[in-house]
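Predicted, not measured: the structure shown is a model, and the values here were computed from it. Throughout, a chain's letter reflects where its sequence line sits, starting with A, and its residues are numbered from 1.
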Amino acid sequence: MLIFCVPVREKTEVEALNRENFRMGMRDGIPIALGYFAVSFAFGMTAVADGMRGMDAVIISATNVTSAGQFAGLGIILGDGSYLEILLSQLVINLRYMLMSFSLAQRMEPDAPLYKRLLMSFGVTDEIFGISITRPGYVRPDFHLGAMAVAIPGWVLGTATGAVMGKLLPAMILSALSVAIYGMFLAIIIPPMEKDHSLLGLVLAAMSLSAALAYGPELLEGALGLVSGLLPRLSSGTSVIIVTVFAAALFAWIRPLPQEEADADAAEEDREKVPADSTGNGGEKGRKK
Amino acid sequence: MRHSIYIYILLMALVTYAIRALPILAFTREIRSPFFKSFLYYVPYAALASMTFPAILTATASPISGLLAFVVALWMAYRKKSLLLVALSACGAVFLAERGMDLARAMQLI
C-alpha cells in the first residue's frame, strides 16, 4: 500500500516546495526590482535623449537585462558602430555571466528540468545570481525564477518610464540627469575598493587609458605637427572593449585574486552539495557541513 | 553605413543569452584558472570605469559641470552613499553648476 502512496505524495510535495521557493524568490527580488527601476530609468532616458526610439530602448532592456552591456551597446548603436563592435563589446563586458552560470550549474538541484535551466539563464544578472548562489544547499530554479519574475519587469518598466520622461523633460533637467548613470556606475565601483585595493589601481588604469584613447590622437597630432585626422579615432565601443580587456588582463596578471579565496569558493561549493530538504537524495559528496 | 537597429538588438540579445546559457547546456567542468577567474572579476569594474571617464565630462552642457559631477559622485561613492543618492548628488551638482554659469554669463562675468 505504501509503495503506491509515496510517489504521489512526493510529487505534490515537490510542487509545493517549488511554489514556496518561487514565492521566496519573488520576495527577495523586490529590492532588486526597485534598484533595477532606477538604473533602467537612466538607460531609457539617456537612450531617448540621444535620439533612440523609446520602444527600441525598451526592447533592448527586455531582451538583454544587463546594465553595463546595455549602456555600452547604446554607445555603439548611437555612433553607428559596426555589427562586429556590438558583438565584441557584449561578449567582453558580459563574459562574467558565463562564470556565474557555471557556478549555478555546478550547484543546481539534480532534477531541475532543462526548460527551467534555459529560462533561468535569461535572468543571470549580478544581483539575481547573488541571491540564488548564497542560499544554502542546492540552487533552486524556482527561487531564481521567482526573483526574475519581479526583477525583470522592474527593469523593463524603468526603461519605459525613463524613455517617456526623456521626451517630456526640458533640456536643463536632462543635462543634469544625464550624469545619473555615471553617478550610479561610480556608486558601484568605488565602495568595494575599501576591501580590495587592487580595484583602485584598476579603475585608475582603466580611466587613464580611456582618456588617452579619447584625447590622445588629437594631442599627439598637435604635438607632433601631424595632419589633423591622421591618427585613428576609436569609437566608444571599441575603446571600451580595448580598455576593459587590457586593464582587466593586466590586473589579473599582476594582482590575481588570492588563491585561498578561489580555493575556499571551490571548497564551499563541495561542502554545500547537500540538499536542504530531508528526502534521501544525497549530494554527490554527501558530506554535511 | 546605416545599420539596422533591429539587427543591433538581435545581436546583443543573442550574444548575451548565449553567454548565460552555454554553461548550463555544455556540462563542462568549472573553470578554475586563477588568471581567468581574476580577469572575470575585474572586467565589470574596468568596463564601468572606462565608460564613465572621460564620457562624464562631455555628458553635460559644459565640461566644467561634468567634471564637478564626477568629483561629487566620487566623493559620495567614497562615503558609501546609496546608488540613488550618489546619482542624485551628481545631477544636483550639474544643475547648480549650470545655473551658476548661466547667471555668471548673464552678469557678463564669463
**Report entry** Other residues, nucleotides, ligands: >12 heavy atoms within 6.0 Å of A:F122 CZ
**Finding:** yes
Query raised in the report: Any side-chain heavy-atom pair from A:F129 and A:S103 closer than 4.5 angstrom?
Result: yes
Report task. For residues A:L199 and A:P192, report the shortest heavy-atom separation together with the two atoms involved. Result -> CD1-CB, 3.7 Å
**Report entry** Structural part of A:M100 lying under 4.5 Å from a heavy atom of chain B
**Finding:** neither
Query raised in the report: Going by heavy atoms in the side chains, are A:L104 and A:H144 under 4.5 Å from each other?
Result: yes
Report summary line: Counting heavy-atom pairs under 4.5 Å with chain B, the top scorer among A:E194, A:M120, A:Q90 is A:Q90
Requested in this report: Just give me the residue among B:I56, B:V86, B:L88 that pairs up with chain A most often, heavy atom to heavy atom, under 4.5 Å.
Outcome: B:I56
**Report entry** Contact winner vs chain B - A:L202, A:V240, A:V243, heavy-atom pairs under 4.5 Å
**Finding:** A:L202
Report summary line: Most contact-rich option vs chain A, by heavy-atom pairs under 4.5 angstrom, among B:I5, B:T52, B:L96, is B:T52
Query raised in the report: Which atom names give the shortest non-hydrogen contact between B:P34 and B:S38, and what distance separates them?
Result: O-OG, 2.6 Å
Query raised in the report: Side chains of A:N64 and A:T66: donor-acceptor distance under 3.5 Å anywhere?
Result: no
**Report entry** Leading residue by heavy atom contact count with chain A [cutoff under 4.5 Å; candidates B:S89, B:G92, B:S4, B:A18]
**Finding:** B:S4
Query raised in the report: By a 4.5 Å heavy-atom criterion (distance strictly below it), what part of A:Y215 contacts chain B: side chain, backbone, both, or neither?
Result: side chain
Query - All pairs passing salt bridge (Lys or Arg N to Asp or Glu O under 4.0 Å) where residues 49-76 of chain A contributes a residue, at least two apart - result: A:R53-A:D56
Query raised in the report: By a 4.5 Å heavy-atom criterion (distance strictly below it), what part of A:L95 contacts chain B: side chain, backbone, both, or neither?
Result: both
Query raised in the report: Which atoms of A:D126 come close to chain B, meaning under 4.5 Å heavy atom to heavy atom: side chain ones, backbone ones, both, or neither?
Result: neither
Query raised in the report: Based on non-hydrogen pairs under 4.5 Å, which of B:R79, B:K81, B:M51 is most in contact with chain A?
Result: B:M51
Requested in this report: Examine whether an atom of B:L85 lies under 4.5 Å from a heavy atom of chain A, and if so say whether it belongs to the side chain, the backbone or both; otherwise answer neither.
Outcome: neither
Query raised in the report: If you tally heavy-atom pairs under 4.5 Å against chain A, which of B:Y78, B:Y17, B:F95 wins?
Result: B:Y17
**Report entry** Heavy-atom contact with chain B under 4.5 Å, split by part of A:M108
**Finding:** side chain
Query raised in the report: Is there a side-chain contact between A:L119 and A:L145 (heavy atoms, below 4.5 Å)?
Result: yes
Query raised in the report: What do you reckon, is CE of A:M193 surrounded by more than 12 foreign heavy atoms closer than 6.0 Å?
Result: yes
**Report entry** Residue pair B:I19 / A:R96, side-chain heavy-atom distance below 4.5 Å
**Finding:** no
Query - Distance-only side-chain donor-acceptor flag, A:Y36 / A:E127, under 3.5 Å - result: yes
Query - Distance-only donor-acceptor check, side chains A:D196 and B:Y42, under 3.5 Å - result: no
Query - Most chain B-contacting option - heavy-atom pairs closer than 4.5 Å, from A:V203, A:L118, A:I93 - result: A:L118
Query - For chain B, the option from A:A247, A:A68, A:A105 that forms the most heavy-atom pairs under 4.5 Å - result: A:A68
Query raised in the report: Using the benzene-type ring in the case of Trp, are the ring centres of A:F185 and A:F71 under 6.0 Å apart?
Result: yes
Report summary line: Honestly, the part of A:T125 sitting under 4.5 Å from a heavy atom of chain B is both
Query raised in the report: Heavy atoms under 4.5 Å from chain A: which residues of residues 43-50 of chain B carry them?
Result: B:V43, B:P44, B:Y45, B:A46, B:A47, B:L48, B:A49, B:S50
Query raised in the report: CD1 of B:I9 to CD of A:Q70: how many Å apart, nearest 0.5 Å?
Result: 10.0 Å
Query raised in the report: Hey, are A:Y83 and B:H3 close enough side-chain-wise for a donor-acceptor pair under 3.5 Å?
Result: no
Query raised in the report: Going from CD1 on B:I7 to CG on B:L14, what distance comes out if it is rounded to the nearest 0.5 angstrom?
Result: 11.0 Å
**Report entry** Contacts of residues 206-214 of chain A with chain B (heavy atom under 4.5 Å)
**Finding:** A:A206, A:M207, A:S210, A:A211, A:A214
Please output the side-chain donor-acceptor pairs of residues 61-77 of chain B that fall under 3.5 Å, not counting sequence neighbours, one pair per line with the distance.
unit_1	atom_1	unit_2	atom_2	d
B:S62	OG	B:I64	N	3.0
B:S65	OG	B:T60	OG1	3.1
B:S65	OG	B:S62	O	2.9
B:S65	OG	B:E98	OE2	3.0

Requested in this report: Please determine which of A:T63, A:I60, A:V58 meets the side-chain contact (heavy atoms from CB on, under 4.5 Å) test together with A:V156.
Outcome: A:V58
Report task. Pick one of side chain, backbone, both or neither for A:A249, based on which atoms fall under 4.5 Å of a heavy atom in chain B. Result -> both
Query raised in the report: Non-hydrogen atoms of chain A under 4.5 Å away: do they reach the side chain of B:Y41, the backbone, both or neither?
Result: side chain
